[in-house]
Amino acid sequence: MNIFLSADHHHHNPPFEILDGRVVPYAETPQRVAIILAALAEAGFAPPIVASPATIADLAAIHTADYLEYLANGSARWQAAGLSAPVFPSAWPLPGLRLRSDCPQAAAGRYTFDLSAPITAGTFTAACSAAGAALAGAAALLAGNTSAYALCRPPGHHAAAAMAGGYCYLNNAALAADYLARSQTSGDATWALRSPTVAVLDIDYHHGNGTQSIFYERNDVLTVSLHADPAYEYPYYLGYADERGAGAGEGYNLNFPLPAGIDDAGYLKALDQALQAIADYGPRYLVVSAGFDTFAGDPLGGFALITEAYRTIGRSITQLGLPTLIVQEGGYALEALGANVVALLQGVSTA
Ligand code: SP5
Ligand code: ZN
């Protein structure tokens with residue numbers, strides 16, 4: 001198991017977010033990475049490999065040029081305008097309004113869909129580091145490794161082509177999946193005539209709206225997400241079962257909205273259905289958006305999984321027999337985060 005680290009993650013450390021109308025401490029903290037690293041070392045995993053940051057050219061595979069320019073420079077422009085850091089939107093271009101981005105406040109609403117993705121001076125540096133870790137993990141699969149873990153921070157699955165939100169700025173898992181789908185594999189008759197297909201399995205508590213939207217019209221990347229039903233949980237506006245893909249992508253997006261309080265047994269049953277759909281698709285590679293906010297004690301979650309469930313999840317995923325990249329997403333129960341990540345990775349390693 002190769003482990004790739006976004007070593008520049010600590011440059012991103014926003015002071016607060018606004019959740020359900022309250023100013024609260026930012027849950028997606030640098031401490032999360034320190035906790036995971038300590039647990040991995042304690043469990044005997046090899047030290048992580050520090051990945052090079054993703055370049056603008058790497059990111060442009062998925063994200064728009066105007067959005068990347070905004071992420072890179074929006075914070076400096078905000079501060080130059082005399083606004084107080086970090087960048088938070090206070091107005092959004094809902095339907096009927098114009099998608100302006102020509103002053104710092106308009107840009108913030110144009111490119112951010114909630115109040116959980118403030119942009120600080122170091123945010124873009126950290127996000128490029130996370131994307132680089134995911135891409136390095138994908139490259140490890142192309143080099144023949146059967147599994148890799150990208151310890152990405154900030155996470156990515158809520159980020160779309162031109163939209164930040166939910167602690168996410170660049171979609172690390174989508175970048176990795178797209179990179180794998182565009183790769184050329186030589187010496188393999190089955191795949192010689194076309195690019196390989198990829199499945200993304202999203203097991204974060206929240207729907208992976210960004211990943212879904214990025215691949216919604218593609219049939220070379222199957223997106224499958226298990227998550228709290230958006231009828232009652234964030235991100236509210238996407239993640240329903242009737243979202244099945246569009247155009248060439250019709251039938252290649254699959255959502256499993258789950259009820260509040262679901263336990264290991266219920267969750268693992270839904271996971272088996274998701275894995276069957278992936279097996280039926282027959283991809284060459286698997287990318288897992290791994291969130292641990294499904295844990296019973298998670299402050300942002302509402303499911304009831306225990307630590308051992310992650311070991312079972314790891315084993316079940318591995319039974320697909322695919323080269324698999326695990327990409328770190330959410331997980332905010334700090335006292336259990338290390339054990340939960342270790343359980344998943346041990347499940348993958350020892351299946
Ligand atoms: C990567 C990731 O996990 N992002 C999550 C962002 C969630 N932000 C909004 C959460 C909505 C707050 N609801 C509190 C429910 C407490 N049970
Ligand atoms: Zn989440």
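From a predicted model like this one, the values you see are computed outputs, not experimental measurements. In each ligand, atom 1 is the first atom listed, and ligand 1 is the first ligand listed.
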Linked, directly or transitively: Leu19 and Leu115 (ILVMFWY side chains, under 4.5 Å): no
Asp204 atom (N/O/S) at minimal separation from the Zn ion (ligand 2): OD1
Protein contact to atom 10 (C) of ligand 1 [nearest heavy atom, distance to 0.1 Å]: Leu19 CD2, 3.8 Å
Nearest protein heavy atom with distance in Å, relative to atom 13 (N) of ligand 1: Asp20 OD2, 3.5 Å
Option from Tyr310, Tyr205, Tyr267 for which side-chain hydrogen bond (donor to acceptor under 3.5 Å, both in side chains) with Thr294 holds: Tyr310
Atom pair NE2 (His206) and OH (Tyr167), whose distance is rounded to the nearest 0.5 Å: 7.5 Å
Criterion side-chain hydrogen bond (donor to acceptor under 3.5 Å, both in side chains) on Asp114 and Ser116, from CA distance to verdict: CA-CA 6 Å; Asp114 63 18; Ser116 293; 4.5 Å; no
N or O pair under 3.5 Å between Cys168 and ligand 1: no
For Gly330, the ligand 1 atoms whose distance to one of its heavy atoms is below 4.0 Å: 3 (O)
Numbered atoms of ligand 1 (with element) below 4.0 Å of Pro299, judged on heavy atoms: 16 (C)
Atom 15 (C) of ligand 1 [closest protein heavy-atom partner, distance rounded to 0.1 Å]: Leu300 O, 4.0 Å
Part of Asp114 within contact of ligand 1 (heavy atoms, under 4.0 Å): neither
Where the Zn ion (ligand 2) is the vertex, angle from Asp293 OD2 to His206 ND1 to 10°: 100°
Parallel, tilted or perpendicular: ring planes of Tyr236 versus Tyr234, cut at 30 and 60 degrees: perpendicular
Parallel, tilted or perpendicular: rings of Tyr26 and His12 (30°, 60°): perpendicular
Close-contact set for ligand 1 against Asp293 heavy atoms, below 4.0 Å: 3 (O)
Within-cut-off N or O pair, Glu17 and ligand 1, under 3.5 Å: no
Joint cluster assignment, Tyr149 & Ile49, ILVMFWY side-chain distance < 4.5 Å: no
Proximity to ligand 1 by part of Tyr332, non-hydrogen separation under 4.0 Å: side chain
Same cluster (ILVMFWY, side-chain, under 4.5 Å), Leu275 and Ile262: yes
Part of His158 with heavy atoms under 4.0 Å of ligand 1, whether side chain, backbone, both or neither: side chain
Closest approach of any protein heavy atom to atom 4 (N) of ligand 1, naming residue and atom: Gly166 O, 3.0 Å
4.0 Å heavy-atom contact, Gly291 with ligand 1: no
Distance, nearest 0.5 Å, that separates CG of Leu320 from OH of Tyr285: 15.5 Å
Atoms of ligand 1 close to Gly301 [distance to a heavy atom under 4.0 angstrom, numbered from 1]: 17 (N)
Ile317-Leu322 co-clustered via ILVMFWY side chain contacts under 4.5 Å: yes
